[in-house]
Amino acid sequence: MSHDSFLSRLHPQIAQPPQVAAPEPLSRESLLADLTPPQSQAVLCTEGPLLVLAAAGSGKTRVITRRIAYLVSCGVPAWSILALTFTNKAAGEMRERVYHLIGSAEQRPVRGLTITTFHSLCARLLRRYAVPAGLKPDFTIYDTSDQTALCKKVIEGLQLSTSNFPARSVLSAISNAKNDLLDAEAFAQQVFDFSGKQIAKIYASYTKALRSANAVDFDDLLLLMAKVLKIDESVREECRRRWQYLLVDEYQDTNHAQFLIASLIAGEGDKAAKGDGAKAAGPNFCVVGDPDQAIYGWRGADISNILEFEEHYPGAKVITLGENFRSTAPILAVADGLIRHNKRRKHKDLFTSRKGGEKVEAVLCRDERHEAQLVADWLKAQSQASAEDEHEGIPWREMAVFYRTNSLSRVMEESLRGASIPYTIARGTAFYEREEVKTALAYLRVVANQADGVSLARIVNTPTRGIGGTSLDRVEVFAAPQGLTLFEAMQRAGEVPGLTPRATSAMNKFVEMVNGWTGGGTFLGAQVSHTLPELVDRIVKESGLEAMYKAQAQTSKTQTDEERLDNLAELVSSARQFELEYDISADPGSDAPFVPEAAATTAPATPPLLALLRAYLESVALVADADAVDPAQGSVTLMTLHAAKGLEFKAVAMIGLEEGLLPHSRAIGAPTDADMEEERRLCFVGITRAMRRLHMTAAKYRTIRGMSERTIPSRFLGEVPAGHMVVCDQSDTFGDVAGAQWGESGGEAESYTPAGKTALGSPRRHSTPLPGLAGEFPVGSQVRHPQFGVGTVKSVESGTNARAVIAFRDAGTKTLVLEYARLTRV
DNA sequence: AGAGGCAATTTTTTT
DNA sequence: AATTGCCTCT
């Protein structure tokens, strides 16, 4: 993949210059032309609170984009519209579609239109309102590994054992607290047991450490913004004045903090009603979501936000979009049959007017390698045109493989590579998690924010410059009582007691180097880089990072060191790309006028390079895995079920449908069935991504952490209506033979005998049929065979190798081995 | 100081 | 299987 496309995909939240000029006029008629009545209603109902319950595949994105375009066509200034999504990708896509609808010849109508993620909006607003939030505008956003490092340090600092209080689990407790808007103090009052009290202590100390590093974690972005909006009336008023129209997508996945932020910005509905004098029933607050697709309960999403929307906004209108335009009838029936098993659910009919469609396939495989092989074969079969099936052959980019956990991707990758099927893994963060990239970014973070202790610790001796742990400890002992940051103390290295002359001069040199990049903190002056890519390039070179990897590449001649150099070069071009695309007027956190119509009063106070660097680091910190999904690449997409939300593919394979995996083991032992229901929704989300073909697999044995374990097929396979499924047990066959079956278009399931089986003399085990396929085909019953079509059972034998004589309507009478003929009852 | 080796631990999903 | 932390050796 080219650098440019890779990088631009990672920064999709940046305002892209509108690309295609759509000549169509922005008339009400053209905006509503191909919408169903409920869809048009959702577009036209612009005033007051509105809840859109949009079932999977019901054209939700279409409605949202038309709605925004319609608002603009009615003369609503684009800058007063705020649309919030969950991923940058969703935001970027929405923005592009709105631009397309509005017609991009003139950029004016979309100026200041804010379509972004909650986290990104909060990060930007927190720069604008840093002071009321108790921050400085150049704060760093800590990712999970930074958080863990800091938390560990804090736990050690409190003289607690890191084995009694593992940073990871402490952080998850803190995260839960933050999602419920509990700060350390409030958390302490909620907690009575010993360990809870200790965690409260850690929480308080961790917060202090974050602030003194001028850093926030992901949850802080929401927590602090919610707090500022709640406490500071002037901030609240400024936001309300600007954003008159608020729209939240995937509302079922908002947590308490997000609800508060959205509702505080939306206000109470005292907004200017339309000229006709009709009183608004509340704020112009439109939320769109589907309770059946709520899959983020574990990170604090509160499904009652959507269920209780009408109670919060009694004047709210509710519109239901129920008709599915995406999937075939069998896929929809399977999805519906599954989700019906959730008890805590408002029933909602899924329906489509489409007819026909292939049945959903479920295959039991031998192990994960076999599974990966079968899936590769299946994908290949889908890509080939098949005359008898009237199927056109699906391009790679219209296919996807979903799995519950990331660890399942590896085997799949190997098999796709072996089959020469092009694929892309949706892991947007992967590039930024590389060792060398992380280090280079840590340099940039220190340049932007010298209080950032975690990043400083990372770079101070990489490459090695003679500043080891002992010397750093001494500096820290010197810094702590005076309340100095590590960097400030290093600037006064000469005063630190016990420091060797060698260490002192090494530190002076280091400080000098950083000051050279920042122009002594001014970011101004002739010797300071003028552009962001220049700065990144300079840092990579002057820090000695490049030299270090070059030296390693020379001596060890490993490929990874070459790759590392490439990655550093790629980072520079990522900065170049960012600088090209960054639109400061679309950044509510910038010094630009908040309400674009207002006259610019003061000149920007932030040096342009620093502003750019901040925005760049922020965009890097907020990249999501789903952001890396790129349909333009001609490849199959591999991703987690969570990342798949909001997408659609013509052909979808879901792997690992096993107890313990999907549903995940954590949900199986859970005290309530809430977790199990969320797993079921996750499976539902996966199924409903498929437009035409759906293939689900389970492996009988799976290697987990190097150990092969026997598995049980997922209960979800048993909950699905068998009439729309073709179930096939391949777990007793051998990989190459089974593989051939999908490859041949006319492969007859009952005709092949696993050649290896008798040759190797391995006894045939009687396999447990998948749940849902009881194996019952009584004489006289109607059955369906994938190749021969519908037929009537004339006679059956029982036992192993059971055969049945079936008279097919079109294909004549055949004797089939039940175990291999993929029969289903009609 | 710093690298390299061995042992212990790990069990999800993500902004 | 893979990462992390601790220990030893240079």
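What you see is a predicted model, and the numbers here were worked out from it, not measured in a lab. By convention in this document, chain letters (A, B, ...) are assigned in the order of the sequence lines, proteins followed by strands, and residues within each chain are numbered from 1.
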A.B. asks: Quick check on DNA chain B: between A:I467 and A:T117, whose nearest nucleotide comes earlier from the 5' end?
C.D. replies: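 The residue mapped nearer the 5' terminus is A:I467.
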A.B. asks: Between the side chains of A:Y206 and A:D217, is a donor N or O closer than 3.5 angstrom to an acceptor N or O?
C.D. replies: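 Side-chain D/A pair, A:Y206 to A:D217: present.
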A.B. asks: Under the side chain to side chain contact (heavy atoms under 4.5 Å, CB included) test, which residues partner A:A506, sequence neighbours left out?
C.D. replies: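 Residues passing side chain to side chain contact (heavy atoms under 4.5 Å, CB included) with A:A506: A:I467.
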A.B. asks: On DNA chain B, compare the nucleotides closest to A:T500 and A:A621; which residue's is nearer the 5' end?
C.D. replies: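 By nearest-heavy-atom nucleotide position, the 5'-most residue is A:T500.
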A.B. asks: Select base, sugar-phosphate, or nothing to describe what A:G466 touches, counting heavy atoms under 4.0 Å on all strands.
C.D. replies: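 Sugar-phosphate contact only - A:G466 comes under 4.0 Å of backbone atoms but never of a base.
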A.B. asks: Which nucleotide wins on minimum distance to the side chain of A:H119, given the candidates B:dT13, C:dA1, B:dT15?
C.D. replies: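 Between B:dT13, C:dA1, B:dT15, the one nearest the side chain of A:H119 would be B:dT15.
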A.B. asks: In whole angstroms, how far is the P atom of C:dA1 from the CD atom of A:E413?
C.D. replies: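 To the nearest whole Å, that distance equals 17 Å.
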A.B. asks: If we count only N and O atoms by modelled type, under 3.5 Å, do the side chains of A:E709 and A:Y701 hold a donor and an acceptor together?
C.D. replies: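 Absent: no donor and acceptor within the cut-off.
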A.B. asks: Taking donor-acceptor contacts at under 3.5 Å, does the side chain of A:R299 reach the base of B:dT15?
C.D. replies: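 There is none.
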A.B. asks: Between A:L408 and A:L661, does the side chain to side chain contact (heavy atoms under 4.5 Å, CB included) criterion hold? Intermediate values first, please.
C.D. replies: CA-CA 10 Å; A:L408 297 193; A:L661 220 41; 3.8 Å; yes
A.B. asks: Just to confirm, is there a sub-4.0 Å distance from OP1 or OP2 of B:dT14 to any side-chain nitrogen or oxygen of A:T87?
C.D. replies: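 No, because none of the side-chain N or O atoms of A:T87 sits under 4.0 Å from OP1 or OP2 of B:dT14.
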A.B. asks: Think A:N461 has a side-chain N or O under 4.0 angstrom from the OP1 or OP2 of B:dA1?
C.D. replies: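 False: A:N461 side-chain N/O out of range (4.0 Å or more) of B:dA1 OP1/OP2.
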A.B. asks: Counting side-chain heavy atoms from CB outward, which of B:dT14, B:dT12, B:dT11 is closest to A:Y296?
C.D. replies: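 So the side chain of A:Y296 is nearest to B:dT14.
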A.B. asks: Provide, to the nearest angstrom, the distance between the CG atom belonging to A:L408 and the C1' atom belonging to C:dA2.
C.D. replies: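 It works out to 16 Å between those atoms.
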A.B. asks: Using whole Å, what does the distance between atom P of nucleotide B:dT14 and atom CD of A:E433 come to?
C.D. replies: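 Taking CD of A:E433 and P of B:dT14, I get 11 Å after rounding.
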A.B. asks: Describe the nucleic acid contact of A:S665 in one word from base, sugar-phosphate, nothing, applying a heavy-atom distance below 4.0 Å.
C.D. replies: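 Since no nucleic acid heavy atom lies under 4.0 Å of A:S665, the category is nothing.
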A.B. asks: Using distance alone, with no hydrogens and no angle criterion, decide if A:Q373 and A:S415 have a side-chain donor and acceptor under 3.5 Å apart.
C.D. replies: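 A:S415 and A:Q373 do not have a side-chain donor-acceptor pair below 3.5 Å.
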A.B. asks: Just to confirm, is there a sub-4.0 Å distance from OP1 or OP2 of B:dT15 to any side-chain nitrogen or oxygen of A:N255?
C.D. replies: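 It does not, given that no N or O in the side chain of A:N255 lies less than 4.0 Å from OP1 or OP2 of B:dT15.
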A.B. asks: Nearest whole Å is fine: how far is B:dT12 C1' from A:E658 CD?
C.D. replies: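 For the pair A:E658 CD and B:dT12 C1', the rounded distance is 15 Å.
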A.B. asks: Is A:R168 touching bases, backbone alone, or none of the nucleic acid, heavy atoms closer than 4.0 Å?
C.D. replies: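 Here A:R168 touches the backbone only, sparing every base.
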A.B. asks: Determine if A:W298 stacks with B:dT13; use a centre-to-centre distance below 5.5 Å and an interplanar angle below 30° as the criteria.
C.D. replies: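 Stack criterion met.
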A.B. asks: With a 4.0 Å cut-off on heavy atoms, is A:N406 in touch with a base, just the backbone sugar-phosphate, or nothing at all?
C.D. replies: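 Sugar-phosphate: the residue A:N406, judged by heavy atoms under 4.0 Å, touches backbone atoms but no base.
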A.B. asks: Below 4.0 angstrom, N of the basic side chain to O of the carboxylate: do A:D292 and A:R681 qualify?
C.D. replies: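 No, no charged N to carboxylate O under 4.0 Å.
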A.B. asks: CD of A:E156 versus C1' of C:dC6: gap in Å, rounded?
C.D. replies: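 The answer, rounded to whole Å, is 13 Å.
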A.B. asks: Please give the distance between the P atoms of C:dT4 and B:dT13 as a whole number of Å.
C.D. replies: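 Pairwise P distance, C:dT4 against B:dT13, rounds to 15 Å.
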A.B. asks: Could you state the CG-P distance from A:D625 to B:dT13, rounded to the nearest angstrom?
C.D. replies: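 Value for this atom pair: 9 Å.
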A.B. asks: To the nearest Å, how far apart are A:R702 CZ and C:dA1 P?
C.D. replies: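 Atom-to-atom, A:R702 to C:dA1, this comes out as 15 Å.
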A.B. asks: Are A:D138 and A:N449 close enough that a side-chain donor and a side-chain acceptor fall under 3.5 Å?
C.D. replies: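 Distance-only check fails for A:D138 and A:N449.
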A.B. asks: Just to be sure I understand the rule, does A:T464 reach a base, reach only the sugar-phosphate, or reach nothing, if contact means heavy atoms closer than 4.0 Å?
C.D. replies: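 Sugar-phosphate, backbone atoms only, no base.
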A.B. asks: Consider the side chain of A:H642, meaning its heavy atoms from C-beta on, and name the nucleotide among B:dT10, B:dT14, B:dT12 that approaches it most closely.
C.D. replies: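 Within the option list, the nearest is B:dT14.
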A.B. asks: Describe the nucleic acid contact of A:S471 in one word from base, sugar-phosphate, nothing, applying a heavy-atom distance below 4.0 Å.
C.D. replies: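 Sugar-phosphate, no base atom in range.
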A.B. asks: Please work out if A:K152 contacts a base, only the sugar-phosphate, or nothing of the nucleic acid, heavy-atom cut-off 4.0 Å.
C.D. replies: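 Sugar-phosphate, backbone atoms only, no base.
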A.B. asks: Let me know the distance between CZ of A:R410 and C1' of C:dT3, rounded to the nearest Å.
C.D. replies: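 From A:R410 CZ to C:dT3 C1': 12 Å.
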A.B. asks: Any side-chain N or O of A:T470 under 4.0 Å from OP1/OP2 of B:dA1?
C.D. replies: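 It does, given that an N or O in the side chain of A:T470 lies less than 4.0 Å from OP1 or OP2 of B:dA1.
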